[in-house]
Amino acid sequence: MNFRLYFLSKNLFKVVYFSLVFMFSWSIKAQIQENPALLRKQISSSPNIAQKTALLLRLSNYYISKKGELKADLDSAAILNRQAKALNMKSGDPMSAGKLIFLDAKLDKERGSKNIALSKMKEALAYFETHQFKEQTGEAYNELSYMYDNKPEYFDTKIRLKEKALELFKNSGSKLNQAGVLKDLGELYYIKENPDKALGLLRQSLSVYQSVKFRELQSVYNLISQVEIQKADYGEALRYGLLAEKTAESVNDYSLQMCSIYSNIGMVYYYLRQNDDAMRYWEKSLATAKKNKDNSYIRTVANNISTMLIRQKKFKQAITMIEEYRERYPIVDQDFEMSENYILFSTYTILKQFNKAEAYYKKLVAYYGENAEKNNQQASLLRSFVFYHYQTRNFDKMYREARLFDSIAKNNGNDMLRSENHLMWFKADSIQGKYLDAIQHYQLYKKFSDSVFNGEKSKQINSLKIQFETEQKDKNIQLLTQKAKLQDIKIANDTFIRYVFIGSILALILFAALLYNRSRLKSNANKNLELKRKQIDEQNEQLKKLLAEKEWLLKEIHHRVKNNLQIVISLLNTQSAYLDNEDALMAIQNSQHRMHAMSIIHQKLYQSDNLSMIDMSWYIYELISYIKECYSYDKKINFTVDTDKVLLDVAQAVPMGLIVNEAVNNTVKYAFPDDRKGEVSVSFKNTDDHLCELIISDNGVGLPNDFNIEETESLGMNLMRGLTDQLDGTFHLENKSGLKITITFRRNTEITPSN
């Protein structure tokens, strides 16, 4: 009797349902591959704001959907969303505005902020519905279904959301999205043990995919095969399983999907008691799972193999395999642990080691309920409970659960399970002397068994197997034919090479005669080359001296520029002694700070071996130290500096330094009136390839509520905006709990810094 595989075939989806099976549904959307480099190029060259916004959103979606959930990818998506949002505020495009909310929700979901993501996705859904964007509303419903926990109590909610998405996709004519949602619904009904409903939805999905000539149908075929197993129609299950394998091979898909296909075909052969074929496919599945390094699939397939060992009465090997794989390939999943407990429970029941079997029985009852009514595992667990009560001679419980199990198997249309159940019922009646009842149950056992394994079905199954094996042999014959042709070509090539070799020897003899003559000419030429080499060496020495002089002159220029700036600073300081006007004194002081910011750059250049690039982490630290010295006597301000090692050329370092000087000085002077304590944070980071982000923030009083940056006459604010434009960057103010200035610009890469 088969105590395991029905449970495991379902549990395969329980363990990896949302990490793998729904991944294949989502992969339909990812079929349109994006080229991030090309998108960036199009973004930089696009003159149209609406088009540029759409390209930014496409690139953001690429990073959010990219496999791996890397922090760098999600950070890139966040930056792109901010840039798109700034552009959308100018264009006012309603479609892009909705997509921004939608992508923000997906981004929060990828970062693990489930509640925030759920709230934003509902906001996106309401927005799309208000603007009557049908396809986007369908996408929001579909995405919302993924945001609910993957527990049975949420299945009805997921189905309801997907049905709404399906209706919208039909109305908008989005065929691929229709097919994907139909497949997802089929999966959900399969898990809910409603195979007829699941099969109808999956066939609709297959039809829609085929109507748009979509080739990668292996996941749909595989699902249909698994539903047919649930219905105990093993002929159809094998047909679709082999079709899934053939399709996956045709598109070179050897991912975890192929692992699932191999495992599923193995299950069909297991039920058909074709043990060698079952083991062959499970070994292929295990190898694929190990190649993809997926512990859930490795353990699942290993458990399948252990059931074969149990069938072969190799009980100790089966138990050892389960325990060994638990240790070598750990996963954290209580459902999966229970599935392995199920194997051990069934094994110890067969061995009549009832003390050990009882321990696992109690665990299963505690988790699934006495009638296995919890977590959608009733049919598979009840059949093992029936067998356990039969073995322990607890016939009252056995009859009660046998009747319940027969009702469930009848609803699923699974005659094989009903036949095994009535066989157990027959044995129990026989032991108790209920011979009339025993005869009735034996007749039912034969009836259902014959319906599963009748001669016509066996012929169909063998025909499918022969057809598949014939196709494989035809492929092998074609491969051998190609190898034979290649061998003939190789023989012809060898003959040609032989003649070429003989001709080459004759040519070498002639060449040797010419070589002697050439050697004499070469000797004379070498003498001339030696003279020219000496001349070149002399010229190189002169060039080295000129280069050294040029570097010395550049350092001298930077030194003198720095000294001149210091002289101007001193002159301004002297001039300030004769002024009584507070505004004039403040203007002179501001000018001194700006000149000092520039003089630090020239000081670093003449002190460094690198005359073209400035280390901004050093420069910002020096500049902040200078500002602190200027104000520390009367200000109680704490500075936090967090910078990456970023090298900028002089053209970008000077405006960058002036911006930092201007922002920090303004913060020190105005953010903390009345000698208040405060925090000032300066951050300069590489946020992307050649993209830099400067953030200067404080917790001071901030800007007035009526402050308008477009109408301000503040020299400092206008200077920072003008310098940002000089950097071709973006300037952003955030006036909340203090003031936060964010400047993003792309670093020049024409000059490569020396080591």
Side-chain angles (χ1 to χ4, degrees), residues 71-72 74-76 78-79 81-83 85-86 111 590 593-594 596-597 600-601 604 614-648 652-688 691-705 707 709 712 714 716-721 723-724 727 729-747:
K71 184 180 182 298
L74 300 181
D75 289 344
S76 296
I79 292 170
N81 281 2
R82 286 201 296 269
Q83 294 174 353
K85 192 173 292 184
R111 283 176 165 167
N590 289 340
H593 290 326
R594 292 164 187 153
H596 188 80
I600 293 175
I601 292 174
K604 177 63 177 177
I614 299 294
D615 180 357
M616 295 309 293
S617 62
W618 171 88
Y619 172 70
I620 292 173
Y621 177 79
E622 288 289 319
L623 184 57
I624 297 299
S625 298
Y626 166 73
I627 295 171
K628 287 167 65 178
E629 289 175 5
C630 292
Y631 292 101
S632 61
Y633 61 89
D634 62 352
K635 293 286 182 179
K636 298 178 181 179
I637 301 172
N638 183 40
F639 287 85
T640 302
V641 181
D642 181 17
T643 64
D644 288 345
K645 183 177 177 63
V646 182
L647 297 178
L648 297 181
Q652 289 189 310
V654 170
M656 167 76 182
L658 289 172
I659 290 171
V660 174
N661 173 75
E662 208 60 39
V664 175
N665 270 296
N666 285 346
T667 300
V668 172
K669 286 189 289 186
Y670 304 118
F672 308 104
D674 303 325
D675 202 25
R676 288 173 52 179
K677 293 183 180 180
E679 299 283 338
V680 179
S681 172
V682 180
S683 170
F684 187 53
K685 298 286 186 178
N686 265 323
T687 60
D688 200 352
L691 197 66
C692 301
E693 185 178 62
L694 171 67
I695 300 174
I696 302 170
S697 60
D698 63 69
N699 60 351
V701 297
L703 295 172
N705 293 331
F707 179 81
I709 192 170
T712 182
S714 167
M717 195 64 69
N718 288 326
L719 183 59
M720 284 189 284
R721 292 179 66 198
L723 291 167
T724 302
L727 291 169
T730 60
F731 182 85
H732 179 68
L733 286 179
E734 184 178 341
N735 191 23
K736 184 178 179 182
S737 300
L739 182 62
K740 179 178 179 182
I741 300 173
T742 304
I743 295 170
T744 306
F745 63 93
R746 189 168 296 281
R747 177 164 53 85

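Everything numeric here is computed off the predicted structure, so don't read it as measured data.
No side-chain heavy atom of Glu693 sits under 4.5 Å from any side-chain heavy atom of Asp644. A heavy-atom distance below 4.5 Å is not found between the side chains of Ile614 and Leu647. Side-chain contact between Thr730 and Arg82 is absent, with no heavy-atom pair separated by less than 4.5 Å. Within the 4.5 Å cutoff, side-chain heavy atoms of Phe745 are placed close to those of Met656. Residues Val664 and Phe639 are in side-chain contact: their nearest non-hydrogen atoms beyond the backbone lie under 4.5 Å apart.
Minimum interatomic distance between Thr643 and Ser617 (heavy atoms only, all atoms of both residues): OG1-CB, 3.2 Å. Considering every non-hydrogen atom in both Asn638 and Glu679, the closest pair reads ND2-OE1, 3.0 Å. Nearest heavy-atom pair, Gly702 versus Asn735, reported as atom, atom and distance to 0.1 Å: CA-OD1, 3.5 Å.
A donor-acceptor contact shorter than 3.5 Å is absent between the side chain of Asp698 and the backbone of Thr667. Asn661 contributes no side-chain N or O that, together with a main-chain N or O of Gly657, makes up a donor-acceptor pair within less than 3.5 Å.
Of the inter-residue distances, the one linking Glu622 atom CD with Ile620 atom CD1 reads 11.5 Å to the nearest 0.5 angstrom. A distance of 14.0 Å separates CD in Glu662 from CZ in Arg721, rounded to the nearest 0.5 Å. Rounded to the nearest 0.5 angstrom, Asp75 CG and Lys685 NZ are separated by 11.5 Å. Note that NZ of Lys677 and CG of Asn699 are 12.5 Å apart. Values are rounded to the nearest 0.5 Å. Here the CD1 atom belonging to Ile696 is positioned 9.5 Å from the CG atom belonging to Leu739, to the nearest 0.5 angstrom.
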Evaluation steps, side chain to side chain contact (heavy atoms under 4.5 Å, CB included), between Phe684 and Leu648
CA-CA 12 Å; Phe684 187 53; Leu648 297 181; 4.3 Å; yes

Should Cys692 and Asn686 be marked as a side chain to side chain contact (heavy atoms under 4.5 Å, CB included) after you check the CA-CA gap, both sets of side-chain angles, and the distance that decides it?
CA-CA 5 Å; Cys692 301; Asn686 265 323; 3.6 Å; yes

Please walk me through it: do Lys628 and Ile637 pass side chain to side chain contact (heavy atoms under 4.5 Å, CB included)?
CA-CA 9 Å; Lys628 287 167 65 178; Ile637 301 172; over 6 Å; no

Go through the steps for Leu733 and Ile741 under the test side chain to side chain contact (heavy atoms under 4.5 Å, CB included), then give the verdict.
CA-CA 5 Å; Leu733 286 179; Ile741 300 173; 3.4 Å; yes

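For the side chain to side chain donor-acceptor pair (under 3.5 Å) test, no residue two or more places apart in sequence or in another chain qualifies with Ser683. Remark: Lys645 engages Asp615 in a salt bridge (charged side-chain N to carboxylate O under 4.0 Å, His left out) (not counting sequence neighbours).
By the 6.0 Å contact criterion, OH on Tyr621 is open, its count of non-hydrogen atoms from other residues, nucleotides or ligands being 12 or less.
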